[in-house]
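Report on the structure given below.
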Amino acid sequence: VRRRCPRSWEVEAARDGRLVGEDRERLVRHLAQCPSCARESRSLDAVSAALRSLPDFRENEVSLRRLKQRILRRVDAQLVGRSTKSPRHHWRAAAALALAATLLTFGVHRAVHSPELLDPTVDVVETPGASWTRRIDHEAERVILRSGTLHFKVRRAPGGKRFVVRVPDGEIEDLGTMFAVTVALNRTRLVIVDEGQVTLRLADGRTVDLASGQSWEPGPTSTAAPPAADATSPPVVASFDAVESAPPSEIPRRVAPAPRPQAPAVPSTSVAAGEDVAYLNVLRLLRTGQTAEARAAARDYLRAFPKGFRRPEVARVAEGR
Amino acid sequence: MTSRPLYLVPVSSASPDGCALRRVAEGNVGALGEVYERHVHVLLRFAARVAGPDNAEDIVQATFVRAAKVAATYDDRAASGRAWLLGIAARLVQERRRSLVRLSRALLRLGAEARASCAPPQTHPSDIEKGLRRLSDAKRVVLVLAEVEGFSCDEIARMLQVPVGTVWTRLHHARRELRQYYGEDA
């Protein structure tokens, strides 16, 4: 039975630009001594070579000319169609634009002067074991996340209610988007924005704006010192006191967590990106010698991504092997 | 010591593709022919690998037609339009697959053998081609862009407008599935 080197994942990581600088140089030295990693490298080279050796598409000059003519004719027809629109068409477009502007102004006016703001439409998908509640008041809809990971897809009407995710160490305000939040050990561990924009306000006064494709995770100092308060302690952010004090029974939990098979509400890209970030966080902590924090992060990963493809490596870290 | 002011000399930084696509955006269809001549071979090769040789010309045609439509959005500071065109082609492959799936479902509802009629006739593909075809479109596109076209993961992420972590994940799964197909230890 061939023994697999625990560092063999680094071969692919270096290939994809995930391993750089000193780490990469260390791997190069390691490759010269480790038959398992050398085998992994050869195997990846073989896949790459096989893909490059696929026969090229057989094209001939005549078919290429024909294709070019077809494309240019098609694009030409498209342009002609665009430019031969009659002046009457422009008047119609202008009238439609004016009507839309009027309706929009009317809608905004109603939204501003209406005593009841429109509720945002929110799809929530929870990972198993997530602990959270939802509260609604006259100006905002809030999700209080105590632990675990939630994915949100939020559609807000212009001038409608705010949507805020309360986490133990701050709050995240959504500006109409899709995003995911992970909380563990009374700390926000990860925020990933898939579309749109969110603003993260931390209890220590820091504010972080995250746009589409960006993620946030706490620095080493904040992971090293989790707050003493437990999940049921009073909130850190004072502005939430009033909301927190309301008995949960008065406000029903209106959004039932979506069952796993209905997950399409959240794109798989955010889950994959979240998994990557969580895994890279474990590695970073290990490399900086923060073993206890790395174990905690590994346990978070295993909870958040029970079927994650880095599960075997992360399980070893979590068990301290 | 005397100090002399520095002047910025205005130069045209647009690449040949940038100039041509700007003219396309202004309505000059002939300029699209220049872009076609420069990139048609790469696009045909890419389309044949990710969508099959029978669909390659259709994908390339749709790519140039869409490129002409959105030519005004091209950033002409880029050295070449290759990555931009490949990004359009990659998205078209995925859109096309979705519409084929919808068509298959519609035909199945009518009781027809949709899958058989939709699938293009295959001519003895090699093992690596078979393995490649078993991958999902998303994974195949990323694998071909990285291993055949030689783009970095960051470049692919920009082309496909997805986070770089997603590219790493798709690439890892694609390689693993391909290696598993050959019976290797992934």
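Only this structure's heavy atoms are used, side chains among them; waters, hydrogens and symmetry mates stay out. A note on names: the letters A, B, ... follow the listed sequences, proteins ahead of strands, and every chain is numbered from 1.
- Both the backbone and the side chain of B:V65 come within contact range of chain A, each with at least one heavy atom under 4.5 Å from a heavy atom of that chain.
- Heavy atoms of other residues, nucleotides or ligands lying less than 6.0 angstrom from CZ of A:R24 number 12 at most.
- Remark: A:R70 CZ is packed, more than 12 non-hydrogen atoms of other residues, nucleotides or ligands lying under 6.0 Å away.
- Side-chain contact between A:I71 and B:Y36: present, with at least one pair of heavy atoms (C-beta onward) separated by less than 4.5 Å.
- Going from atom CZ of A:R15 over to atom SG of B:C153 covers 11.0 Å, rounded to the nearest 0.5 Å.
- B:V167 has its side chain out of reach of A:D16: every pair of non-hydrogen atoms, C-beta onward, lies at least 4.5 Å apart.
- By the 4.0 Å N-to-carboxylate-O rule, A:E40 lies close enough to B:R179 to be salt-bridged with it.
- Distance check, rounded to the nearest 0.5 Å: OG of A:S48 to CG of B:L178 gives 11.0 Å.
- In terms of heavy-atom proximity, B:G33 sits nearest to A:K68 at CA-CE, 3.7 Å.
- Under the salt bridge (Lys or Arg N to Asp or Glu O under 4.0 Å) criterion, no residue pair touches residues 157-169 of chain B, with sequence neighbours excluded.
- Note that the CG atom of B:L32 and the CZ atom of A:R74 stand 12.5 Å from one another [nearest 0.5 Å].
- In terms of non-hydrogen atom pairs under 4.5 Å with chain A, the most contact-rich of B:H41, B:E149, B:R49, B:Q161 is B:R49.
- Going from atom CZ of B:R175 over to atom CD of A:E12 covers 4.5 Å, rounded to the nearest 0.5 Å.
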Review point. Which is it for A:R65 and B:E37 under the salt bridge (charged side-chain N to carboxylate O under 4.0 Å, His left out) test, yes or no, and what are the steps along the way?
Key: CA-CA 10 Å; A:R65 293 296 111 207; B:E37 297 292 349; 2.9 Å; yes
